[in-house]
There are 2 protein chains.
Amino acid sequence: MNVEQAFGTVIKKYRLELSMSQEKLAFESGLDRTYISLLERGKRRPTINTLFFISQVLGIPPHHIIIDIEKLIQKK
Amino acid sequence: MNVEQAFGTVIKKYRLELSMSQEKLAFESGLDRTYISLLERGKRRPTINTLFFISQVLGIPPHHIIIDIEKLIQKK
DNA sequence: ATGTAGACTTTGGTCGACC
DNA sequence: GGGTCGACCAAAGTCTACA
């Protein structure tokens, strides 16, 4: 599993835990809804700024998301 | 202080601790030397993939760099 | 509420050269 | 060894629309 796929998996997991829609996550983070869709499916590589925007809305510290990514790509 | 400035500050700190040149960091991480220069001066926003490449070469876990960034932008 | 597609703008990232 | 500039190409991110 690569970094962008892991990122998508992780933010989707946290988004669903909050029962939040892609639409709301997009709006609150100032990004486009279709872009959130692309991110969750591992089709885009976010900048670290985008990471910070999204994690802020999810209420998760950015480094926590990175730790999850590290674990996912470790597992292959 | 913004995210990209913090990123530049942090990777420069770790690079200097290793007494590594920008040239070597660039080569080992598969990036361009001038781009490392831009990053350290906060002129570019790296993707998370770039974060992983660079942190690998620096021997620092990616989330550790993110923690440092969080602290720096907190302090203003 | 989400996936996809196409056209679009902006910025990440490369490369050669010079100081 | 590092900053900068200009030109360039690839990819981030937007927007409209339809299923």
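None of the values given here were measured: they were computed from a predicted structure. Throughout, protein chains are lettered first and strands after them, A, B, ... in sequence-line order, and every chain is numbered starting at 1.
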Please name the pair of heavy atoms, one in [X] and one in [Y], separated by the smallest distance, quoted to 0.1 Å.
X      : Y      : value
I73(A) : M1(A)  : CG2-O, 3.4 Å
S29(A) : I36(A) : OG-CD1, 4.4 Å
E4(B)  : G42(B) : CG-O, 3.4 Å
R44(B) : P46(B) : O-CD, 3.5 Å
L18(A) : L58(A) : CD1-O, 3.6 Å

Counting only heavy atoms and a strict 4.0 angstrom limit, can you tell me which residues of [range] come near DNA chain D?
range                     : result
residues 44-58 of chain A : R44(A), R45(A), P46(A), T47(A), T50(A)
residues 60-68 of chain B : none
residues 20-31 of chain A : G30(A), L31(A)

Report, as yes or no, whether the 6.0 Å neighbourhood of atom CD on E28(A) holds more than 12 heavy atoms from other residues, nucleotides or ligands.
-> yes
Count the heavy atoms of every other residue, nucleotide or ligand shown that sit under 6.0 Å from NZ of K13(A), and state whether that count exceeds 12.
-> yes
d([atom1], [X]; [atom2], [N]) in whole Å:
X      : N       : atom1 : atom2 : result
I11(B) : dG2(D)  : CD1   : C1'   : 14 Å
K12(A) : dT2(C)  : NZ    : C1'   : 9 Å
L38(B) : dG1(D)  : CG    : C1'   : 16 Å
L39(B) : dT11(C) : CG    : P     : 16 Å
I36(B) : dT14(C) : CD1   : C1'   : 12 Å

Using the six-membered ring wherever Trp is involved, compare the ring planes of H64(A) and Y14(A) and label them parallel, tilted or perpendicular (cut-offs 30° and 60°).
-> perpendicular
Give a yes/no answer on whether the side chain of S37(A) brings an N or O atom under 4.0 Å of OP1 or OP2 in dT2(C).
-> no
Restricting to nitrogen or oxygen on both sides, can you table the protein-nucleotides 15-19 of chain C pairs closer than 3.5 Å?
{"residue": "dC15(C)", "atom": "N4", "partner": "T34(B)", "partner atom": "OG1", "Å": "3.4"}

With the side chain counted from C-beta on, respond yes when L72(B) and F7(B) share a heavy-atom pair under 4.5 Å apart, and no when they do not.
-> no
Under the side chain to side chain donor-acceptor pair (under 3.5 Å) test, which residues partner N49(B), sequence neighbours left out?
-> none
List in chain and number order the residues that pass side chain to side chain donor-acceptor pair (under 3.5 Å) with E40(A), two or more places apart in sequence or in another chain; answer none if no residue qualifies.
-> R15(A), Q22(A)
Is it true that the side chains of S37(B) and T34(B) contain a donor and an acceptor less than 3.5 Å apart?
-> no
Is E70(B) reaching over with its side chain to a backbone N or O of P61(A), donor-acceptor style, under 3.5 angstrom?
-> no
